[in-house]
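Each remark here refers to the structure printed beneath this line.
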Number of protein chains: 2
Amino acid sequence: MRLKKYTDYALRVLMYTATKNEEKVSIKEIAETFFISSEHIRKVVHQLSKAEYIETTRGRNGGIVLAKSPTDINIGSVIRIMENDFYLLECFDDGHNQCVITPACHLRHVIGEAMNAFFQVLDQYTLADLMENKEELRALMNQ
Amino acid sequence: MRLKKYTDYALRVLMYTATKNEEKVSIKEIAETFFISSEHIRKVVHQLSKAEYIETTRGRNGGIVLAKSPTDINIGSVIRIMENDFYLLECFDDGHNQCVITPACHLRHVIGEAMNAFFQVLDQYTLADLMENKEELRALMNQ
DNA sequence: AAAAAAGATGTATTTTTTATACATCTTTAT
DNA sequence: ATAAAGATGTATAAAAAATACATCTTTTTT
């Protein structure tokens with residue numbers, strides 16, 4: 001049971017961007033801060049942009065800024081966007097399920113309930129909660 | 001975010017075995033019931049046996065039986081045994097973590113809390129809860 | 001107009017993980 | 001002895017994830 005690295009990266013991108021209020025940040029500087037290839041940050045930025053968490057500006061002096069207030073960026077929703085696959089069991093994927101006991105099986109409900117509990121926690125937090133100690137984070141990011 | 005197929009299979013093995021009270025069941029019959037290769041069931045049975053959920057008997061007339069009452073087989077514990085890797089984020093794996101903001105990052109606590117909520121649900125259920133409609137399950141297993 | 005800096009996009013490759021299969025044991029009742 | 005059952009180790013294949021490369025387009029500056 002893991003999240004994708006891109007999910008992790010996405011949250012870091014948002015946190016980094018949140019340390020700079022309104023000021024544009026480049027993919028390059030995020031990549032260098034976290035010692036991650038720009039290529040990966042680029043992909044993540046693209047997804048975050050499509051999902052309208054950030055706004056990107058091309059060209060010289062371009063960069064990214066948050067598209068909304070940190071209080072409006074819900075952690076659960078970010079994770080739902082970045083992770084695409086929540087088929088914890090075979091029977092969660094109707095198209096490919098071959099388990100014969102599915103019609104009467106309580107397991108799927110139990111696992112489903114557990115997954116709901118997982119997201120219920122995440123849905124209680126926003127980016128703003130992660131930035132509560134912004135100055136400390138800035139220091140670790142060498143700002 | 002997925003569980004391993006082996007985790008799914010493990011739960012099916014336990015459920016199948018629970019339909020037969022005390023009576024030994026063979027790997028072959030479980031494999032045939034679920035249309036899964038015996039090879040996989042064998043591996044899963046081996047793990048379940050090491051974890052003392054089932055007892056195996058070799059030789060002719062051998063097979064497997066539950067090692068304890070279904071009420072004593074907790075779903076959360078089975079999943080913890082079958083899944084080995086709970087590094088949802090890079091920073092969960094101390095040995096390989098390279099994220100610079102780890103010392104001050106609240107994200108790990110948020111994700112950790114979510115994972116706890118996930119298991120807290122699972123820990124509330126036992127194999128007995130999954131067998132509440134045993135006869136219906138038996139029918140689907142062609143017994 | 002050219003150059004430079006930034007993000008956008010598509011594709012390819014590599015690595016890791018997961019799933020699957022094969023071969024060869026050992027055990028035990030008949 | 002033989003057959004039926006599980007135990008074990010290893011190898012292969014498939015899928016997913018991670019990473020890298022190449023080539024755009026956009027925009028500001030000179």
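Below, chains carry the letters A, B, ... as their sequence lines are ordered, and counting in each starts from 1. Note that these values count all heavy atoms, side chains included, but never hydrogens, waters or copies made by symmetry.
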OP1, OP2 of [N] versus side-chain N and O of [X]: anything below 4.0 Å?
{"X": "A/Lys4", "N": "D/dA17", "value": "yes"}
{"X": "B/Asn61", "N": "C/dT30", "value": "yes"}
{"X": "A/Thr56", "N": "C/dA8", "value": "yes"}

Exercise for the section: Map B/Arg2 and A/Lys50 onto DNA chain C by nearest heavy atom, then report which one ends up closer to the 5' terminus. Expected result: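 Of the two residues, A/Lys50 wins.
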Exercise for the section: For B/Asn84 and for A/His46, find the nucleotide of DNA chain C with the closest heavy atom, then tell me which residue's nucleotide is more 5'. Expected result: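 On the 5' side of the pair lies A/His46.
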Residue [X], side-chain heavy atoms: nucleotide from [options] that is nearest:
{"X": "A/Lys5", "options": "C/dT27, D/dA18, C/dA8", "value": "D/dA18"}
{"X": "B/Ser26", "options": "D/dG6, D/dT28, C/dA8", "value": "D/dG6"}
{"X": "B/Tyr9", "options": "C/dA5, D/dG6, C/dT20", "value": "C/dT20"}

Exercise for the section: State, yes or no, whether a side-chain contact exists between A/Ile111 and B/Ile79 at a heavy-atom distance under 4.5 Å. Expected result: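 Yes; the side chains approach each other to less than 4.5 Å.
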Problem - Side-chain heavy atoms of A/Phe34 within contact of A/Met141, under 4.5 Å - result: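 The answer is yes, as the side chains (C-beta and beyond) meet within the 4.5 Å cut-off.
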Are there any protein N/O atoms within less than 3.5 Å of an N/O atom in nucleotides 10-13 of chain D, and if so, which ones and at what distance?
from   : atom 1 : to      : atom 2 : distance (Å)
D/dT10 : O4     : B/Lys43 : NZ     : 2.7

Without decimals, in angstroms, what is the distance between [X] [atom1] and [N] [atom2]?
{"X": "B/Arg58", "N": "C/dT24", "atom1": "CZ", "atom2": "C1'", "result": "12 Å"}
{"X": "A/Gln47", "N": "D/dA17", "atom1": "CD", "atom2": "P", "result": "12 Å"}
{"X": "B/Met82", "N": "C/dA19", "atom1": "CE", "atom2": "C1'", "result": "13 Å"}
{"X": "A/Ile64", "N": "C/dA5", "atom1": "CD1", "atom2": "P", "result": "19 Å"}
{"X": "B/Arg42", "N": "D/dA4", "atom1": "CZ", "atom2": "P", "result": "14 Å"}
{"X": "A/Tyr6", "N": "C/dT16", "atom1": "OH", "atom2": "P", "result": "16 Å"}
{"X": "B/Asp93", "N": "C/dT16", "atom1": "CG", "atom2": "P", "result": "14 Å"}
{"X": "B/Glu29", "N": "D/dA5", "atom1": "CD", "atom2": "P", "result": "9 Å"}

Handout entry: NZ/NE/NH1/NH2 to OD/OE distance under 4.0 Å, B/Lys28 and B/Glu32
Key =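 Yes, this pair counts.
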Practice task
Run the salt-bridge test on A/Arg80 and A/Asp123 with the 4.0 Å N-O cut-off and return the result as yes or no.
Solution key: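 Salt bridge present between A/Arg80 and A/Asp123.
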Practice task
Kindly indicate whether the side chain of B/Arg60 and the base of C/dT30 share any N or O donor-acceptor pair separated by less than 3.5 Å?
Solution key: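 When only heavy-atom distances are counted, B/Arg60 does not reach the base of C/dT30 through any donor-acceptor pair under 3.5 Å.
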Practice task
Just call it for B/Val25: base, sugar-phosphate, or nothing, with non-hydrogen atoms closer than 4.0 Å on any strand.
Solution key: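 Here B/Val25 touches the backbone only, sparing every base.
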Exercise for the section: Measure centre to centre between the rings of B/Phe118 and B/Phe86, then say whether the value is under 6.0 Å. Expected result: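 No, the ring centres sit 6.0 Å or more apart.
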Would you say [X] has more than 12 foreign heavy atoms packed within less than 6.0 Å of its [atom1]?
{"X": "B/Gln124", "atom1": "CD", "answer": "yes"}
{"X": "B/Gln143", "atom1": "CD", "answer": "yes"}
{"X": "B/Lys50", "atom1": "NZ", "answer": "no"}

Practice task
Please list residues of residues 31-40 of chain A whose heavy atoms come under 4.0 Å from any atom in DNA chain C, ordered by number; otherwise none.
Solution key: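 Listed by number, there are none.
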Exercise for the section: Please say which of B/Val44, B/Ile64, B/Ile36 ends up in a side chain to side chain contact (heavy atoms under 4.5 Å, CB included) with B/Ile30. Expected result: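 By the side chain to side chain contact (heavy atoms under 4.5 Å, CB included) criterion, B/Ile30 pairs with just one of B/Val44, B/Ile64, B/Ile36: B/Ile64.
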Handout entry: Upstream residue (5' side of DNA chain D) when B/Ile27 and A/Asp85 are each assigned their closest nucleotide
Key =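 Going by which nucleotide is closer to the 5' end, it is B/Ile27.
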Exercise for the section: Rounded to the nearest 0.5 Å, what's the gap from CD1 on A/Ile27 to NE2 on A/His40? Could you check? Expected result: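 Rounded to the nearest 0.5 Å, the CD1-NE2 separation comes out at 12.5 Å.
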